Amino acid sequence: MHDLHIYNTLTRRKEPFQPLNPPHVGMYVCGPTLYTHAHLGNCRTFLSFDIVFRYLRHLGYKVRYVRNITDVGHLESDADEGEDKVAKRARLEKLEPMEIVQFYAVDFHRILDKLNLLPPSIEPLASGHIPEQIEMTQRILQNGMAYEVNGTVWFDVEKFAKVFPYTQLSNRQLDELLDGTRDNLEGQDEKRGRLDFALWKRATPGHIMRWNSPWGVGFPGWHIECSAMSTKYLGEEFDIHGGGMDLIPTHHTNEIAQHAACYHKNPARYWMHTNMLTVNGQKMSKSLGNSFLPAELFSGNHPLLERGYSPMVVRFFMLQAHYRSTLDFSNFAIQAAEKGFQRLMAALELIPHLPVSDTSTVDVPALRQAVYRAMNDDFNTPVALAELFEGVRHIYAIHEGRDTLTAADKEQLQKLYNEMVFDVLGLKPEKNSDDTLVTGLMQLILDIRSEVRSKKDYATSDKIRDALAKLGIQVKDGKEGTTWSRT
RNA sequence: GGUCGGAUGGCCGAGAGGUUAGGCAGAGGUCUGCAAAACCUUUUACAGCGGUUCAAAUCCGCUUCCGACCUCCA
């Protein structure tokens, strides 16, 4: 029935999507480490998976979507050195680590809600799954793929690589990885191999986040929380695992390793990775100073921004690029998206008012097929939108009598746009005002204006129009009467 | 330096051997008391040089430039 193909990073190919236990689908996406505000690039990744979630549900799958929040164990360096990011922030602000995470989690959810992302089915915290992580670490030790040194448990990458393709996901050569990192082996006397990573870390006396374990007081490593939580909620093997592309070489590679060291198989069948958001061709990142927060984008309160852009415009802007391509941000580009979004929404509002005829000159089933073909091709939202814009042209043509539509086709057209635009793409109209008083007053004012216009009293009608313009209301005289909108 | 991925018209961005992607901007038009808005039509393209092919933006090779990862990042 569906012909959905998903690009799998594991095989570097698009593959037909076949869930393990239809109609159920298990999907795990690596969420943020909330020691600070999530930035716009982070949001793009979660938006991409929101589309996956929505489309799979639309196709009739029962999706369990797990997206974690990492609140412990993520150190400042992937080499398992430096301070825990959350703990550091807590120390600096003299707050409980959980206070830090709670503060940024609330903010994170508020932003995602504005962008109309559906909440995941489960949003587990790493700190809430310490026993699971300890248990998994024990299992890896029992299976001989890890070793303990002074209360820290290290994953033995080189040993593991002999029995499992460790570099499968990143598509790199193990020798080269070992070579490339040799020089920073110094100062790390505990781990045996340069690629080895911590499953459990001994807590230094001043470390605020600490739990008892078979190896003494400590805290879990960065990657193990995702393995433990995905296994707990989705099982030893599930359908989709996703995250940003930058997680491929370290985080996801190690996740697969840990999981395979326990269960002798890759946790997920389809690995999906989203590309980066760039600004002037460079990856958005805090260190480059080219990142801004979603809240700043909405308000326009940032040096890089000419003005604010509404959340739905931002969503539309991101959907105009495929999730595996980089997307370059600029004021010009997002302003173009804003106009396009408004055009799409205006056409959508027109559908219920379209006249019907005995025959159709528009091939609605073909349009429908084209849109689904795009979505089935690895969630190709830009092409799906392009097809919907083809439909927009027809909607206007029908509106103006240049094309015709049967009642049945009109119903199908309405259904297609409702389902695709609202349910799958998650766009929604941004009402300027639903204040009934304003609506009533405007109706009255425009009635008066049209009366004086019919008497050719243009001085008065222009006075009304100009005065409204000063108040930020644009009057639009059309064939079918006069409408208005806020500017 | 190593590995991987890119270079598409003024901008953003799809496509991936033969047929117009789409959006925005520009130009022309329709409508209009005027204006705006809206709608219609429409110009400009596949980094460079070779090769394969009846046919290449699309495949292969080289060159140039850019990015990502290898060091915190979705």
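Only a predicted model underlies this, so the values are computations on that prediction, with no experimental measurement involved. Chain identifiers are assigned alphabetically (A, B, ...) following the order of the sequence lines, protein sequences preceding nucleic acid strands; residue numbering begins at 1 within each chain.
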Exercise. Starting at CD of A:Glu400 and ending at P of B:rU32, how long is that distance when rounded to a whole Å?
Worked result: 13 Å

For this session: Would you please classify the geometry between the A:Phe155 ring and the A:Phe197 ring as parallel, tilted or perpendicular, with 30° and 60° separating the classes?
Result: parallel

For this session: Determine the interatomic distance between C1' on B:rG48 and the same-named atom on B:rG6; round to the nearest Å.
Result: 16 Å

For this session: Anything under 30° is parallel, anything over 60° is perpendicular, the rest tilted; go ahead and classify A:Tyr28 against A:Phe238.
Result: tilted

Exercise. Should A:Ser325 be listed as having a side-chain N or O under 4.0 Å from OP1 or OP2 of B:rA14?
Worked result: yes

For this session: Could you tell me the separation between the NZ atom of A:Lys339 and the C1' atom of B:rA37, rounded to a whole number of Å?
Result: 11 Å

Exercise. B:rC69 base to A:Arg172 side chain: any donor-acceptor pair below 3.5 Å?
Worked result: yes

Exercise. When the C1' atoms of B:rC60 and B:rG26 are considered, how many whole Å apart are they?
Worked result: 39 Å

For this session: Treat a base pair as Watson-Crick or G-U wobble with both distances under 3.5 Å, then lay out RNA chain B in dot-bracket form, 5' to 3', with | for cross-strand pairs.
Result: (((((((..(((.....[...))).(((((.......)))))....(((((..]....))))))))))))....

Exercise. Does the side chain of A:Asn380 get closer than 4.0 angstrom to OP1 or OP2 of B:rG15 through an N or O atom?
Worked result: yes

Problem set entry | A:Phe341 vs A:His322, nearer the 5' end of RNA chain B by closest nucleotide | A:His322

Exercise. Should A:Arg343 be listed as having a side-chain N or O under 4.0 Å from OP1 or OP2 of B:rC40?
Worked result: yes

Problem set entry | Identified side-chain hydrogen bond (donor to acceptor under 3.5 Å, both in side chains) counterpart of A:His223 within the set A:Thr250, A:Thr70, A:Asn254 | A:Asn254

For this session: Whole angstrom is fine here: how far is it from CE in A:Met375 over to P in B:rG15?
Result: 13 Å

For this session: Name the orientation class of the two ring planes belonging to A:Tyr55 and A:Tyr372 (parallel below 30°, tilted from 30 to 60°, perpendicular beyond 60°).
Result: tilted

Exercise. Donor-acceptor pair under 3.5 Å: do we get one between A:Asp477's side chain and the base of B:rA35?
Worked result: yes

Exercise. Which residue lies toward the 5' end of RNA chain B, A:Ala346 or A:Asp246, if each is placed at its nearest nucleotide?
Worked result: A:Ala346

For this session: Would you check if there is a donor-acceptor pair between the side chains of A:Tyr233 and A:His129 at a distance under 3.5 Å?
Result: yes

Exercise. How far, in whole Å, is B:rA16 from B:rA7 if one measures between their C1' atoms?
Worked result: 15 Å

For this session: Tell me what A:Pro382 touches on the nucleic acid: a base, only sugar-phosphate, or nothing, going by heavy atoms under 4.0 Å.
Result: base

Problem set entry | Lys NZ or Arg CZ of A:Arg67 over A:Phe49 ring: under 6.0 Å, within 45° | no

Problem set entry | Interatomic distance at P, B:rA38 relative to B:rA57, whole Å | 37 Å

